[in-house]
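All remarks here apply to the structure that follows.
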Amino acid sequence: MKTNNFLGRDWIDAEIDYSKEEWETLIDVALELKRRHALRDDQSAILKGKTLFTMFFNQSLRTRSTFAAGIQQLGGFHVDLEPGKTYTPARKGYDIPYQTERIKDVAEMLDRVGDAIAIRMYGPPAMWRYGFANATMKEFAQFAGIPIINMECDKFHPTQALADMITVKEKFGTFKGLNLTMSFAYSGSIEKPRAVPQSVILAATKMGMNVTLAHPEGYELDQKIIDQCQAFSKQTDGSFKIINNFDEGFKGAHIVYPKAWGAHTCFNYADENGKVFQEADHTEAKRVNEAAKDWRTTAKQMALVDKQGIYMHCLPADRSQEVDDDVIDGPRSVVIDEAENRLHAHKAIMAMIMGGRL
Ligand code: CP
């Protein structure tokens with residue numbers, strides 16, 4: 001267990017920037033905090049007097065409630081800076097007089113006052129421009145000395161992935177030899193970020209699982225992330241493959257994670273200077289989405305998984321579209337465990353990077 005290397009670090013591209021050993025440490029710390037929480041141990045000395053700023057550019061139930069509860073349980077405070085009620089932080093080149101405030105000024109001010117800034121941004125606040133929200137978080141990190149925590153951007157949802165790995169560890173006790181399938185599932189909404197599938201396949205290959213990514217044509221993920229998954233699976237002696245067949249992904253899986261994300265054509269793509277070189281094509285995004293209506297998890301698919309197999313979803317789920325009620329409410333579903341583990345994951349991250357005394 002390596003515990004001395006966390007203090008002051010950002011948690012933005014965490015599946016890439018933190019080592020396997022560091023992920024294992026965070027999983028251990030989270031499970032220890034969960035155990036102590038169950039025993040009603042007082043944990044309020046861990047981050048006593050520390051302040052977490054949160055900024056949600058998008059809606060949230062789980063992330064918002066568990067960060068707020070988590071910092072309170074660790075003895076700290078939570079200040080929710082609502083973009084739009086405060087001046088909306090803006091990157092250089094995206095200023096609007098008296099509506100926005102340059103990120104440099106926001107970050108440098110908050111750095112003087114608190115101990116970490118946690119941000120959620122994807123979709124409309126980032127103009128559905130793939131990578132814009134991730135770059136926004138990195139601009140905060142450039143100007144704030146205190147840690148920046150990614151609560152979901154357009155590329156990654158690393159706090160969700162950590163909670164998911166904690167859940168897998170609880171259910172199976174190991175990562176080695178487990179078959180995990182991250183699958184596309186149909187939703188009536190064509191605009192959804194890719195953050196969860198990308199983070200889950202990165203974290204699962206990093207931890208050494210045998211990972212299958214299943215999706216219809218048109219739903220390809222970021223090629224750089226696919227390349228990174230291939231590299232992780234080689235390092236850990238796991239495996240990684242991509243298939244275009246829904247049922248195939250369920251066969252023999254220990255973990256299935258069927259979840260909707262946006263088609264490749266639902267995003268705008270821009271170069272480093274912000275110049276858009278490929279605009280979203282919603283006609284094409286709708287066409288591939290309608291063609292994928294049968295990518296819905298039913299009892300028929302769940303009959304194909306390993307006899308110990310579990311159903312995962314980050315929630316919120318689009319019931320009767322992504323999944324049938326009898327699956328998500330059934331005995332193999334661990335979705336509420338995953339949601340609870342967001343609390344323990346966030347407490348572990350905050351305790352380690354904000355200087356907690358465990
Ligand atoms: N899974 C997840 O991030 O949930 P919320 O959108 O409710 O925060």
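No experiment lies behind these values; they were computed from the predicted model shown. As the structure lists them, so they are numbered: ligands from 1, and atoms in each ligand from 1.
The aromatic rings of Y269 and Y130 are tilted relative to each other, their planes meeting at an angle between 30° and 60°.
Using a 4.0 Å cut-off between a side-chain N of Lys or Arg and a carboxylate O of Asp or Glu, R342 and E338 do not qualify as a salt bridge. For the pair E22 and R9, the salt-bridge criterion is met [side-chain N within less than 4.0 Å of a carboxylate O].
Scored by the side chain to side chain donor-acceptor pair (under 3.5 Å) test, E191 finds W128, H282 as partners (sequence neighbours excluded). For D325, the side chain to side chain contact (heavy atoms under 4.5 Å, CB included) criterion is met by R319, D329, not counting sequence neighbours.
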N/O pairs closer than 3.5 Å, ligand 1 and protein:
residue: ligand 1; atom: 1 (N); partner: Q160; partner atom: OE1; Å: 3.0
residue: ligand 1; atom: 1 (N); partner: C314; partner atom: O; Å: 3.0
residue: ligand 1; atom: 1 (N); partner: L315; partner atom: O; Å: 2.8
residue: ligand 1; atom: 1 (N); partner: R342; partner atom: NH1; Å: 3.4
residue: ligand 1; atom: 3 (O); partner: T63; partner atom: OG1; Å: 3.1
residue: ligand 1; atom: 3 (O); partner: R120; partner atom: NH2; Å: 2.9
residue: ligand 1; atom: 3 (O); partner: H157; partner atom: NE2; Å: 2.8
residue: ligand 1; atom: 3 (O); partner: R342; partner atom: NH1; Å: 3.1
residue: ligand 1; atom: 4 (O); partner: R62; partner atom: NE; Å: 2.9
residue: ligand 1; atom: 4 (O); partner: L315; partner atom: O; Å: 3.4
residue: ligand 1; atom: 6 (O); partner: R120; partner atom: NH1; Å: 2.9
residue: ligand 1; atom: 7 (O); partner: L61; partner atom: N; Å: 2.7
residue: ligand 1; atom: 7 (O); partner: R62; partner atom: N; Å: 2.9
residue: ligand 1; atom: 7 (O); partner: R62; partner atom: NE; Å: 3.1
residue: ligand 1; atom: 7 (O); partner: R62; partner atom: NH2; Å: 3.0
residue: ligand 1; atom: 8 (O); partner: S60; partner atom: OG; Å: 2.6
residue: ligand 1; atom: 8 (O); partner: T63; partner atom: N; Å: 2.9
residue: ligand 1; atom: 8 (O); partner: T63; partner atom: OG1; Å: 2.6
residue: ligand 1; atom: 8 (O); partner: R120; partner atom: NH1; Å: 3.4
residue: ligand 1; atom: 8 (O); partner: R120; partner atom: NH2; Å: 3.2

Could you pull out every donor-acceptor pair under 3.5 Å between side chains of residues 146-153 and any protein atom, sequence neighbours left out?
residue: N150; atom: OD1; partner: E152; partner atom: N; Å: 2.7
residue: N150; atom: OD1; partner: C153; partner atom: N; Å: 3.1
residue: N150; atom: ND2; partner: I12; partner atom: O; Å: 3.1
residue: E152; atom: OE1; partner: R120; partner atom: NH2; Å: 3.2
residue: E152; atom: OE1; partner: H157; partner atom: NE2; Å: 3.4

